[in-house]
Amino acid sequence: MDKTSGAWSGRFSEPVDELVKRFTASIPFDYRLAEFDIKGSLAHARMLRHVGVLSDEDLKSIERGMVDILEEIRAGRFEWSLDLEDVHLNIEKALTTKIGDAGKRLHTGRSRNDQVATDVRLYLRDSIDRVQAGLRACQTSLLDLAEEHAGTIMPGFTHLQVAQPVTFGHHMLAYFEMLLRDHARLADARKRVNTLPLGAAALAGTSYPIDREFVARELGFDGVCENSLDAVSDRDFAIEFSAAASLIMMHLSRLSEELILWMSPRFGFIDLADRFCTGSSIMPQKKNPDVPELVRGKTGRVFGHLMGLLSLMKGQPLAYNKDNQEDKEPLFDTVDTLVDTLTIYADMLKGVKVKSDAMRQAAAEGFSTATDLADYLVKKGLPFRDAHEVVAQAVRAAEGKGCDLADLSLKDLQVFSPLVGEDVFSVLTLEGSIAARNHMGGTSPEQVKAAVARARARIK
Ligand code: ARG
């Protein structure tokens with residue numbers, strides 16, 4: 001390529017070094033912005049026509065040319081050139097080759113700086129919509145599981161020690177709440193993504209009589225960026241998205257960790273559908289929960305992208321700097337990882353087979369109704385701290401006998417407190433324990449069913 005091939009080459013006396021060309025080019029990754037770039041260019045061209053800077057014929061040529069280019073890109077026939085550095089110059093050059101001078105007029109009153117900021121915002125807005133749809137799909141799967149298992153008893157854990165019985169439905173609803181907040185965070189971030197940088201030009205604005213509100217309306221932005229220097233330089237909206245993405249992955253990583261544990265034969269609480277697992281090349285008995293493990297692993301790269309983007313911004317003086325070109329790969333990878341993860345997860349949750357017998361047995365084995373016994377004694381008049389001590393002794397005795405609290409006889413229990421009566425056995429059962437937690441946010445089957453019904457309405 002000769003030295004005058006770039007959009008700026010007239011100023012230079014020698015061609016760019018080959019390695020420098022590769023080093024500075026973004027086309028290997030920013031070609032993915034093509035559709036948004038064309039959308040943005042068309043809105044800009046229509047505005048230029050609207051304010052009388054472009055003629056009607058020029059606009060028509062640009063529109064026609066862009067239709068062809070878009071078609072070539074979609075069909076995979078468009079030839080991206082490294083010499084043209086990035087997606088913006090590639091498309092502009094193709095347009096000029098097709099339609100001549102009208103193509104050269106497109107860049108009037110605009111810079112790649114406000115152009116790329118606009119493209120990234122359009123891309124991110126679209127990506128947020130896709131991620132939100134993925135979240136909703138996962139939430140629906142969680143609600144279906146919760147509804148089906150509103151009365152399925154499992155041990156609830158603290159410190160990964162059996163604590164109190166809960167229902168599996170209740171456990172699934174905990175994740176529903178996390179994803180609900182994640183969805184709301186994205187909705188909030190989207191508001192700040194959805195403002196228009198175009199019009200900022202390189203950094204100071206432009207001397208053409210542009211109509212930025214016109215462009216904003218064309219592109220579905222809620223408004224325009226108020227300050228041109230800020231508009232071209234900050235990528236805080238991408239960092240904010242990245243932070244929200246990290247929280248989503250953190251939540252899914254926690255659920256993954258649980259699925260992995262639960263699928264281990266030591267727990268044996270669930271089974272995952274075969275299509276989400278793989279075998280071992282050496283151990284024929286193995287069925288590994290690869291998908292949740294990978295989700296847990298991929299969480300690390302999404303966190304890494306957040307750190308990368310934060311570090312990318314922190315030392316930049318106003319306004320645009322080439323550093324910002326480095327925002328794209330982490331952003332694209334974050335979106336790809338999230339969308340894939342959420343899509344697979346929504347489907348994988350549908351295929352979770354719950355082994356309710358094993359869950360129930362584990363809940364029955366861990367003295368999980370000890371708190372219920374203490375509450376029972378409190379209701380009979382014993383101060384809670386004393387009740388706590390009485391039950392601790394009873395647990396020790398049961399442990400010594402190798403049985404559960406409910407397996408002790410009335411006589412055995414009365415050794416620890418004369419307040420214990422025949423009615424104690426109804427509170428020592430797992431069913432009694434979960435049914436007693438019958439308030440908003442509690443684990444009783446009745447509450448879980450009500451919570452599912454409310455949740456369905458909340459995501460409508
Ligand atoms: N490829 C660049 C980016 O991604 C586009 C803007 C370049 N502007 C400039 N003056 N070099 O940020």
Side-chain angles (χ1 to χ4, degrees), residues 1 3-12 15-17 19-41 43-44 69 73 78 80-96 104 106-127 193 195-206 225 228-239 241-242 305 308-336:
M1 199 44 106
K3 67 183 161 75
T4 57
S5 60
W8 28 253
S9 310
R11 158 89 176 68
F12 292 77
V16 164
D17 178 86
L19 177 56
V20 171
K21 192 198 288 174
R22 250 193 300 128
F23 192 75
T24 54
S26 52
I27 194 60
F29 47 88
D30 72 6
Y31 71 92
R32 290 182 53 170
L33 294 174
E35 300 225 2
F36 303 106
D37 195 66
I38 290 173
K39 237 192 211 170
S41 286
H44 178 69
I69 291 172
I73 292 171
F78 191 90
W80 300 105
S81 156
L82 199 67
D83 291 311
L84 292 166
E85 196 180 324
D86 60 24
V87 64
H88 323 293
L89 295 179
N90 266 272
I91 291 175
E92 194 186 321
K93 177 83 187 204
L95 185 69
T96 303
K104 292 186 193 163
L106 171 63
H107 210 52
T108 312
R110 182 177 78 165
S111 152
R112 276 187 295 156
N113 297 353
D114 57 346
Q115 189 178 355
V116 71
T118 302
D119 291 5
V120 173
R121 283 172 185 264
L122 286 172
Y123 161 79
L124 201 50
R125 184 178 74 188
D126 179 73
S127 300
V193 169
T195 37
L196 175 77
L198 268 181
L203 76 164
T206 174
C225 298
S228 64
L229 298 167
D230 175 49
V232 292
S233 65
D234 207 348
R235 297 290 183 268
D236 60 351
F237 61 90
I239 298 175
F241 167 77
S242 229
H305 295 326
L309 289 172
L310 280 167
S311 313
L312 173 68
M313 271 328 300
K314 77 178 275 292
Q316 287 193 51
L318 290 182
Y320 177 86
N321 301 280
K322 187 80 166 178
D323 310 41
N324 280 341
Q325 182 163 291
E326 287 287 305
D327 65 353
K328 285 161 207 66
E329 285 166 291
L331 208 50
F332 293 164
D333 189 65
T334 297
V335 170
D336 293 344

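Atoms within each ligand, like the ligands themselves, are counted from 1 in listed order. Model, not experiment: these values are computed from the prediction.
- The residue from T24, N324, V120, N113 that puts a heavy atom closest to atom 9 (C) of ligand 1 is N113.
- The distance from ligand 1 to the heavy atoms of D86 drops below 4.0 Å at these ligand atoms: 1 (N), 2 (C), 5 (C).
- Within ligand 1, the atoms closer than 4.0 Å to a non-hydrogen atom of Q325 are 1 (N), 2 (C), 3 (C), 4 (O), 12 (O), numbered from 1 in the order shown.
- Of the possible polar contacts, one joining the H44 side chain to the T108 backbone as a donor-acceptor pair under 3.5 Å is found.
- No heavy atom of Q115 sits closer than 4.0 Å to any atom of ligand 1.
- Between W80 and Y31, the two ring planes are tilted [angle within 30° to 60°].
- Looking at R110 and T206, their side chains never bring a donor and an acceptor atom within 3.5 Å of each other.
- On a distance-only criterion, Y320 and ligand 1 share at least one N/O pair closer than 3.5 Å.
- Checked by atom type and distance alone, the side chain of D114 pairs as donor or acceptor with a backbone atom of A201 at under 3.5 Å.
- A donor atom on one side chain and an acceptor atom on the other are found under 3.5 Å apart for Q316 and N324.
- Using a 4.0 Å cut-off between heavy atoms, K328 contacts ligand 1 through its side chain alone, with no backbone atom that close.
- Against a heavy-atom cut-off of under 4.0 Å, S26 is close to the following atoms of ligand 1: 1 (N).
- Looking at R112, E326, R235, it is R112 that brings a heavy atom closest to atom 11 (N) of ligand 1.
- Under the 4.0 Å criterion applied to side-chain N and carboxylate O atoms, D30 and K328 are not assigned as salt-bridge partners.
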